[in-house]
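Remember, it's 1-based here, ligands and their atoms both numbered in the order they're listed.
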Amino acid sequence: MLKISATSKTLAESPHKYTRFVITEESQSSHRFSENTDGTTTYKTGVGKWDKVDARGFRTLIRTLVQAAKGHEIEAFALELHLTDFPLLTAYGEQWFLSTIAENLTLATYEFTLYKTKEKKKLLRDILLCGVLSTEAKHGFERGTVVGDYINRARDIANTPGCDLSPTKLGEAAAALMTGTKATVKVLGEKELTKLKMNALLAVGQGTHNESKLIVAEYWGAGKTSKEKPVVLIGKGITYDTGGLNVKPSGFMHDMHLDMSGGGAVLAALGAAAKLGLKKNIIALVPSAENAISDTAMRAGDIVTAMNGKTIEILHTDAEGRLVLADALTYSERYTPRAIIDVATLTGASLVALGQHASALMTTNTHLESTLRTLSEETGDLIWPLPLWDEYKQHLKSHRADISNIATNFSRYGGCIEGGIFLSHFVPKDVPWAHLDIASRMESIPSDKLSKGSTGEPVRLLVSFLEQY
Ligand code: BES
Ligand code: ZN
Ligand code: ZN
């Protein structure tokens, strides 16, 4: 287990077992070790001019330090950083600074080792952050370690292969995430889903013996009887996406155990909020199913009646995420939400639109849009807006049912937006709603300076949103 702790002591006072990490303004390629007279080791690394380091650069800087420690097989290192040294960051404040350090140290140290039978000999086990003095700084550090920890737990769940993570198991993982907090979890099975007429969700899971579930996590931090209505987070929980009868081509299927990343993220965000004791009411809904192939699987051309009574022509069985989310959106109505945010690895088209650096944001609510975009820059879970204009609506006009799940002309143009448009038909009336298509941020890329696999996004963004909204 990795330990990340903070102390008011200076770097020079840190115990001898820690390699002392010192950043300099030299170029980023320069780094060297030196032995000190007291027997300790210092590792100096250049990060470039400090007055050029913005929030994005700072997060990368922290992650690069962890990568360096891993690369040199350092088991313990100490570090001391001060906000006043970074003029572009001072406006964010001490709490943000320490939280950002703690989050990114925690994220960068993560490795998915569950299936490795041989442990690496030298693992990074201990990081000490020195010079943490003010109460604000301490709070920030504690917040950051909690958030980082929950993100890593979301990554663990997402990285688990489909053979070991069915909807039932996802429900169990949700309950485990909430232990030690005041959040509760209940899991509805197919009998209850049938009673609720959640036929769109049921259709997606009808091709497998793995039972579909609706995972419901509740956290009433403001009090259940208070006037405050909850924020509802909804996350796509497809535990494996073969594409269904419209099977995915080889090369596009092996990572589809990550298709429940949105579900994992909303559960982790609620768990972190509960752990931090936020005085907010929050609900997380995860409609979970496996999109499998069999003689009982849904067919292209099938028509289902969703929970809200709308009929859907399933023109493509690989556009399953929007089907399960549709019923979860309808289900959310019972909470009379203050706002709804759904998070889903919904479309490959989000990668075409944005590359792998940002998730797509779709909303018609300007307040939600500006809040989320500001927090996106603050937290590092980058998002960028796409429109939900009426012009796109006609693409989904079915001649056989109320709506089709993909464009009726089978065009892939604007596929990411069409995903958002489809969902908008199931959002409870007049509730502020935002859709985050996180397919583009499902897996890390080398410039993230994170281990391969799930990024755990957008847990940081969601936690900050829940704190502020
Ligand atoms: N889970 C996929 C989307 C996805 C693709 C996530 C690549 C991560 C990486 C989703 O269910 C899907 O297959 N969507 C289809 C929609 C299409 C049929 C309109 C897609 O993107 O091809
Ligand atoms: Zn799919
Ligand atoms: Zn999918």
- prompt: What is the nearest protein non-hydrogen atom to atom 15 (C) of ligand 1, stated with its residue, atom name and distance?
  reply: Asp318 O, 3.9 Å
query: Of the options Asp402, Leu323, Leu396, Ile303, which is the one that meets Ile312 in a side chain to side chain contact (heavy atoms under 4.5 Å, CB included)?
result: Leu323
query: With backbone taken as N, CA, C and O and side chain as the heavy atoms from C-beta onward, which portion of Glu418 lies under 4.0 Å from ligand 1: side chain, backbone, both, or neither?
result: neither
query: What atoms of ligand 1 come within less than 4.0 Å of a heavy atom belonging to Lys248?
result: 2 (C), 12 (C), 13 (O)
message: Suppose we measure from atom 6 (C) of ligand 1 to each protein heavy atom; which comes out shortest, and what is that distance?
response: Ala439 CB, 3.6 Å
- prompt: Where do Phe422 and His435 land on the ring-ring contact (aromatic ring centres under 6.0 Å, His included) test, with the steps shown first?
  reply: CA-CA 11 Å; Phe422 179 90; His435 162 55; over 10 Å; no
- prompt: Among the N, O or S atoms that Glu320 has, which is closest to the Zn ion (ligand 3)?
  reply: OE2
Residues Asp164, Lys169: salt bridge by 4.0 Å N-O rule: no
query: Do Asn159 and Ser454 have side-chain atoms, one donor and one acceptor, less than 3.5 Å apart?
result: no
query: Which bit of Asp255 is near ligand 1, meaning a heavy atom under 4.0 Å away: side chain, backbone, both or neither?
result: neither
- prompt: Among protein heavy atoms, which lies nearest atom 2 (C) of ligand 1, and at what distance?
  reply: Asp241 OD2, 3.6 Å
query: Between Glu467 and Arg143, is there a side-chain N and carboxylate O pair less than 4.0 Å apart?
result: yes
message: Checking contacts here: is it the side chain or the backbone of Met260 that comes within 4.0 Å of ligand 1, counting heavy atoms only? Could be both or neither.
response: neither
message: Only to 10 degrees, please: what angle do the NZ atom of Lys236 and the OD2 atom of Asp241 make about the Zn ion (ligand 3)?
response: 170°
query: What protein heavy atom is closest to atom 21 (O) of ligand 1, reported as residue, atom name and distance in Å?
result: Gly348 N, 2.7 Å
Heteroatom N/O/S of Asp259 within less than 2.8 Å of the Zn ion (ligand 2): no
- prompt: Do Thr345 and Asp259 have side-chain N/O donor and acceptor atoms under 3.5 Å apart?
  reply: yes
- request: Classify the ring geometry between Phe465 and Tyr469 as parallel (under 30°), tilted (30 to 60°) or perpendicular (over 60°).
  value: parallel
field: Residue, atom name and distance, where the atom is the protein heavy atom closest to atom 10 (C) of ligand 1
entry: Leu346 O, 3.3 Å
query: What part of Asp259, side chain from CB on, backbone N/CA/C/O, both or neither, has a heavy atom under 4.0 Å from ligand 1?
result: side chain
- prompt: Does Arg59 reach the side chain of Leu107, with side-chain heavy atoms less than 4.5 Å apart?
  reply: no
query: Where does the angle between the aromatic ring planes of Phe97 and Phe58 fall among parallel (under 30°), tilted (30 to 60°) and perpendicular (over 60°)?
result: parallel
- line: min-distance protein heavy atom vs atom 9 (C) of ligand 1 -> Met256 CE, 3.6 Å
